[in-house]
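Since this is a predicted model, take the numbers as computed values, not measurements.
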Amino acid sequence: MSVGKVASVEALNGSSVLLPCTYSSCIGIQNLYFNWQYNDNGTYRKICEATIKGPGFEPNVILFWDRVEFVGSSRSSNVSIVLHNITFEDEGEYICFGRNPKEKFRNHSTIYTLIVVSELKVVDKTLTIIIASAVGGLIGLLIVVMLLKALILFVIAKNHEKNKECLVSSSGIDNTENGLSGSKADNKPTPKA
């Protein structure tokens, strides 16, 4: 039996609230008995109960509270209930219990805590917005720096490539051996007779 990722919920006085519960078995189910109970200061009061004969069979749920609605389905392995028009007296622990004879009558249960409030809290999200903005700004700054680096490296590579072209085209004819003007050969003095 499982109540999912959140084992408690805050609900507004006078509203309806879903109490989720699902079941699973690696060897299948047969005559799975389940019930919901409310822990009333150590005394467990039954809310509803039923037996699921097998996969695909919907349970015939017996309800003991008039403000309770069974919303589960055996097709989705779900035995959830909804409490309508909740009051402060409904606050506390709700137990989803199950027993599968195919698992040698092992008992499974999970506890769901209901907190009833007169008004829902307004969560201040200012700090979250500030942190998200700072992180977003930092990521944006890193992107700009990376783009500038790529642009600078591109310009340097183009400039270096242009300098190589100039060097290759000006040294295409080697005049150093001929002693022609503009060559790198040493100027030799004219021989004296």
Side-chain angles (χ1 to χ4, degrees), residues 1-140:
M1 304 307 257
S2 169
V3 293
K5 296 182 180 180
V6 180
S8 67
V9 68
E10 284 188 6
L12 194 59
N13 183 30
S15 67
S16 296
V17 65
L18 172 72
L19 301 180
C21 186
T22 57
Y23 61 87
S24 63
S25 174
C26 58
I27 60 173
I29 63 161
Q30 180 181 11
N31 294 321
L32 170 74
Y33 170 78
F34 74 89
N35 70 37
W36 273 93
Q37 301 173 43
Y38 171 66
N39 183 356
D40 189 6
N41 294 320
T43 303
Y44 293 94
R45 294 183 7 207
K46 222 179 256 188
I47 300 171
C48 69
E49 70 179 351
T51 300
I52 301 174
K53 292 182 181 181
F57 288 94
E58 290 301 323
N60 186 15
V61 181
I62 300 168
L63 299 173
F64 300 104
W65 288 13
D66 60 345
R67 295 181 294 118
V68 173
E69 176 186 1
F70 179 76
V71 294
S73 170
S74 65
R75 285 185 290 268
S76 57
S77 303
N78 186 344
V79 291
S80 301
I81 59 173
V82 172
L83 292 177
H84 295 287
N85 195 22
I86 60 172
T87 64
F88 291 105
E89 289 76 32
D90 294 326
E91 187 170 275
E93 292 180 343
Y94 290 81
I95 298 96
C96 180
F97 171 84
R99 182 183 316 123
N100 185 6
K102 236 179 170 180
E103 293 178 341
K104 299 182 181 178
F105 292 96
R106 290 187 63 208
N107 295 334
H108 303 279
S109 65
T110 188
I111 298 172
Y112 195 81
T113 304
L114 174 64
I115 302 163
V116 181
V117 295
S118 57
E119 63 183 48
L120 294 176
K121 296 178 196 170
V122 177
V123 179
D124 184 16
K125 296 180 183 178
T126 306
L127 183 60
T128 304
I129 292 171
I130 291 171
I131 292 171
S133 298
V135 169
L138 184 62
I139 290 171

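Contact annotation: the side chain of L19 never approaches that of I47 to less than 4.5 Å [non-hydrogen atoms, C-beta and beyond]. Here the side chains of E91 and L114 are not in contact, with every heavy-atom distance at 4.5 Å or above. Contact of the K102 side chain with the S25 side chain is not registered, since no non-hydrogen atoms from C-beta on lie closer than 4.5 Å. Side-chain atoms of V68 and L83, non-hydrogen and from C-beta on, do get closer than 4.5 Å to each other. Proximity of V9 to I115: side-chain heavy atoms (C-beta onward) are nowhere separated by under 4.5 Å. Contact annotation: the side chain of Y23 approaches that of I52 to within less than 4.5 Å [non-hydrogen atoms, C-beta and beyond]. Side-chain contact between T110 and C96 is present, with heavy atoms from C-beta onward closer than 4.5 Å.
Under 3.5 Å, the side chains of N31 and Y33 contain no donor-acceptor pair of N or O atoms.
Residue E93 holds its CD atom at 10.5 Å from CG of N41, rounded to the nearest 0.5 Å. Taking CD of Q37 as the reference point, atom CD1 of I111 lies at 10.5 Å (rounded to 0.5 Å). The line from CZ of R45 to OH of Y94 is 8.0 Å long, rounded to the nearest 0.5 Å. Going from atom CZ of F34 over to atom SG of C21 covers 8.5 Å, rounded to the nearest 0.5 Å. Note that OG of S24 and CD1 of I29 are 10.5 Å apart. Values are rounded to the nearest 0.5 Å. Note that OH of Y112 and CD1 of I95 are 13.5 Å apart. Values are rounded to the nearest 0.5 Å.
Side chain of N100 to backbone of Q30: a donor-acceptor contact under 3.5 angstrom is found.
Other residues, nucleotides and ligands place no more than 12 heavy atoms under 6.0 Å from the NZ atom of K53. Within a 6.0 Å radius of CZ in R67, more than 12 heavy atoms belonging to other residues, nucleotides or ligands are found.
The shortest non-hydrogen separation linking D90 to Y38 is O-CE1, 3.7 Å. Among all heavy-atom pairs drawn from L18 and S80, the shortest one is CD1-CB, 3.9 Å.
Y44 and F97 have their aromatic ring centers separated by at least 6.0 angstrom.
Sorted by first and then second residue, the pairs that involve residues 71-84 and meet salt bridge (Lys or Arg N to Asp or Glu O under 4.0 Å), not counting sequence neighbours, are E58-R75.
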Donor-acceptor contacts under 3.5 Å from residues 59-66 side chains, at least two apart:
none

